[in-house]
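Scope of the values below: all heavy atoms of this structure, side chains included, with no hydrogens, waters or symmetry mates.
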Amino acid sequence: DVYKRQEDPNTGLGIAAGPDTGVGTIVSNEPTLWTSEGQYVNLNVQYDTGGGTLTSVTTFLGHKARHEEDADTQSDPWGALGVPGTGPEDQVVVWSDQDNSQFTQELRYDRELANGGNWVIGAFYMDRDAFAFERIDWGVSFDTLLGAGIGAPFGSDTDIQLLTKSWALFSQFETPLSDTVSLTVGLRYTDDDLDYSFVPDDYIRTSAGVRGDKIYLGALPTTDSQAEDDISGKIQLDWRPSEGTLVYAGFSRGTKGGGWNADWINGTLAVIAPFKGEVLHSFEVGVKSDLSDTVRLNASAFTYDYQDYQGWGFLGLAQIVSNIDAESRGLEVELTANPAEGLDILFGLAYLDAELEDGNTMPFSPEVSANLLVRKAWDLGNGGEFAVQLDGSWYDDQEMDVFNTPSAKIFAKHNVNARIGYTNADGNLSIALKGRNITDEENRLFVVPVAFLGYDQMVYETPSWWSVELTYGF
């Protein structure tokens, strides 16, 4: 069905109303809220030992965020629940708070070799604490849908915490084999320890956000741990047959740690299911070549073999990550040209064939994609520069999840941006007029398919907007 967009006269927010009867009216009487704040501290210290360079990189990251979402409906949205429509009524009200902190320390030693090669050895440590609190208030209609037998509005509070401690040792060696051929070999050992905690708390809701008697919806407090270690690495041969040309071929092994599916809504998963780490074996060949003084071509072909690929999907009322093997193959071409003074042109084209073991298409894997950038700059005579830039991209259809849910498909889309700017002779002052999505496309960016309730949540690209940017460097 196609639903009309109306406006709530009291709040000014949107209402999706049925075309004739108005049954299934959705009213948001509170705006969706997303706030985020973060801290970043980085200390980089280098010491010349005479034979090489010792580098220490210390980083602290802090991040807090809050999300509030209100979706109100009549008591029987679209007649799906068999409950007479007596709304409006608060049906789904969500609060979510996140508080994450991360400390990392890296030490590495770089040394140039007598034969013109390079050797790096180092160690890495990470300590991360990720905490989330989620509160969901449900209207009485969802008591009927979920079969909870409560007979009243209810709510769920959940505390989720993931503690991660990780350390790694790594080394990379680059050496020439001849005047035109060089070899790169890298190896990394990683050890991860993860501790997970899930604490649910369910209750009767006497009014929005107000707790009543405690109830039990099926989820139990859960703690779990994972300890993983793995090896990643690469080996690559580079051949430079002439000046401005590089031909390469390489194999690499990459890893991604495992984790747990946090049960966003209590009781919708039988257990708080863990998922395994992911391993990627990749092989790539390519060429980078100056075709002339003004034209450069980069091209590559690759194949990726995923073991236990971590694929995203939506099951019941829960977002889940599951493991499945996958393969992808592709080609990429990039052409850079400077056909006239001050004129830069960049064109890229990619083809991708990405398939899961069960025959479904890998999420976020458009078969064909392309991008184009054209920039023209003029020297104003006083050393300043005036420039005009136009860039755009196009992506083929994409699947949103590992289940290839039809309603969650992201259809082919394109985007065009523009920039007009001036930079002074010193390069420390610039002013620009910037336009994003200047053709005002309604592109889907993300879809959450809640098939269990018969609807999808969709996130669209920001409509066309223009801004002025002023930058001054000290």
Non-hydrogen atoms of V295 and A337 that approach each other most closely | CG2-CB, 4.3 Å
Salt-bridge contact R419-E469 (side-chain N to carboxylate O under 4.0 Å) | yes
Student check: side-chain heavy atoms of F364 and I410 closer than 4.5 Å | yes
Roughly how far, to the nearest 0.5 Å, is the CD1 atom of I420 from the CH2 atom of W466?
-> 6.0 Å
Do the side chains of L380 and Y422 get nearer than 4.5 Å, heavy atoms only?
-> yes
Considering all heavy atoms of both residues, which atom of S96 and which atom of E134 are nearest to each other, and what is their separation?
-> OG-CG, 3.9 Å
CD/E106 to CG/N44 distance, rounded to the nearest 0.5 angstrom?
-> 9.5 Å
What distance separates E68 CD from D97 CG, expressed to the nearest 0.5 Å?
-> 8.0 Å
CH2/W394: more than 12 non-hydrogen atoms of other groups inside 6.0 Å | yes
F198/D224 under side-chain contact (heavy atoms from CB on, under 4.5 Å): CA gap, chis, key distance, verdict | CA-CA 9 Å; F198 174 88; D224 200 1; over 6 Å; no
Do E441 and K413 pass the side-chain contact (heavy atoms from CB on, under 4.5 Å) test, and can you show the C-alpha distance, the side-chain angles, and the key distance before you say yes or no?
-> CA-CA 8 Å; E441 303 299 321; K413 59 184 180 179; over 6 Å; no
Side-chain donor or acceptor of T405 paired with backbone N/O of S407 under 3.5 Å | no
Sequence neighbours excluded, the answer for ring pair (Phe, Tyr, Trp, His ring centres under 6.0 Å) partners of Y40 is none
Tabulate below the donor-acceptor pairs under 3.5 Å that side-chain atoms of residues 300-312 make, not counting sequence neighbours, or state none.
unit_1 : atom_1 : unit_2 : atom_2 : d
Q310   : NE2    : G257   : O      : 2.9
Q310   : NE2    : K276   : O      : 3.0
W312   : NE1    : Q319   : OE1    : 3.4

Side-chain heavy atoms of I160 within contact of T158, under 4.5 Å | yes
Could you state the interatomic distance from CG (N417) to CD (Q389), rounded to the nearest 0.5 Å?
-> 9.0 Å
Where at least one partner belongs to residues 364-376, residue pairs that pass salt bridge (Lys or Arg N to Asp or Glu O under 4.0 Å), sequence neighbours excluded | R375-E385
Closest non-hydrogen atom pair, E228 against G258 | OE1-N, 3.5 Å
Without placing hydrogens or testing angles, list every side-chain donor-acceptor pair under 3.5 Å for residues 342-360, not counting sequence neighbours.
unit_1 : atom_1 : unit_2 : atom_2 : d
D344   : OD1    : N338   : ND2    : 2.4
D353   : OD2    : R329   : NH2    : 3.1
D358   : OD1    : N360   : N      : 3.0
N360   : ND2    : V402   : O      : 3.0

Within 6.0 angstrom of Y395 OH, more than 12 heavy atoms from elsewhere | no
Show me the side-chain donor-acceptor pairs of residues 280-289 shorter than 3.5 Å, one per line, residues at least two apart or across chains.
unit_1 : atom_1 : unit_2 : atom_2 : d
H281   : NE2    : R253   : NH1    : 2.9
S282   : OG     : S252   : OG     : 2.6
E284   : OE2    : Y248   : OH     : 3.0
S289   : OG     : T245   : OG1    : 3.2

pair Q98-N100: side-chain heavy atoms closer than 4.5 Å | yes
Which atom of G259 lies closest to which atom of Q226, heavy atoms considered | O-NE2, 3.1 Å
Test side-chain contact (heavy atoms from CB on, under 4.5 Å) applied to D391 and N371, step by step = CA-CA 8 Å; D391 66 87; N371 62 85; over 6 Å; no
Do you see a donor-acceptor pair shorter than 3.5 Å between the side chains of D238 and Q236?
-> yes
When rounded to the nearest 0.5 angstrom, what is the spacing between CG in N443 and CD in E461?
-> 5.0 Å
Decide yes or no on side-chain contact (heavy atoms from CB on, under 4.5 Å) for K409 and E399, but give the supporting numbers first.
-> CA-CA 5 Å; K409 183 185 290 289; E399 300 296 340; 2.7 Å; yes
Within the side chain of D157, is there an N or O that forms a donor-acceptor pair under 3.5 Å with the backbone of R135?
-> no
Are the aromatic rings of Y472 and F474 close, with centres under 6.0 Å apart?
-> yes
Compute whether any side-chain donor of one residue and acceptor of the other, for T59 and N42, lie under 3.5 angstrom apart.
-> yes
Heavy-atom side-chain contact between S101 and F103 under 4.5 Å | no
Where do D401 and G313 come nearest, in terms of heavy atoms and distance?
-> CB-CA, 3.9 Å
Do D397 side-chain atoms and A412 backbone N/O form a donor-acceptor pair below 3.5 Å?
-> yes
Is any side-chain heavy atom of T164 less than 4.5 Å from a side-chain heavy atom of L194?
-> yes
N437 side chain near T462 side chain, heavy-atom distance below 4.5 Å | no
Give, for atom OG1 of T439 and atom CG of N415, the distance between the pair rounded to the nearest 0.5 Å.
-> 7.0 Å
Sub-4.5 Å side-chain heavy-atom contact between L237 and V247 | no
Atom of T423, atom of S430 and distance for their closest heavy-atom approach = OG1-CB, 3.7 Å
Inspect the surroundings of CD in E442 and state if more than 12 heavy atoms from other residues, nucleotides or ligands are less than 6.0 Å away.
-> no
What residues, two or more places apart in sequence or in another chain, satisfy side chain to side chain contact (heavy atoms under 4.5 Å, CB included) together with D99?
-> K64
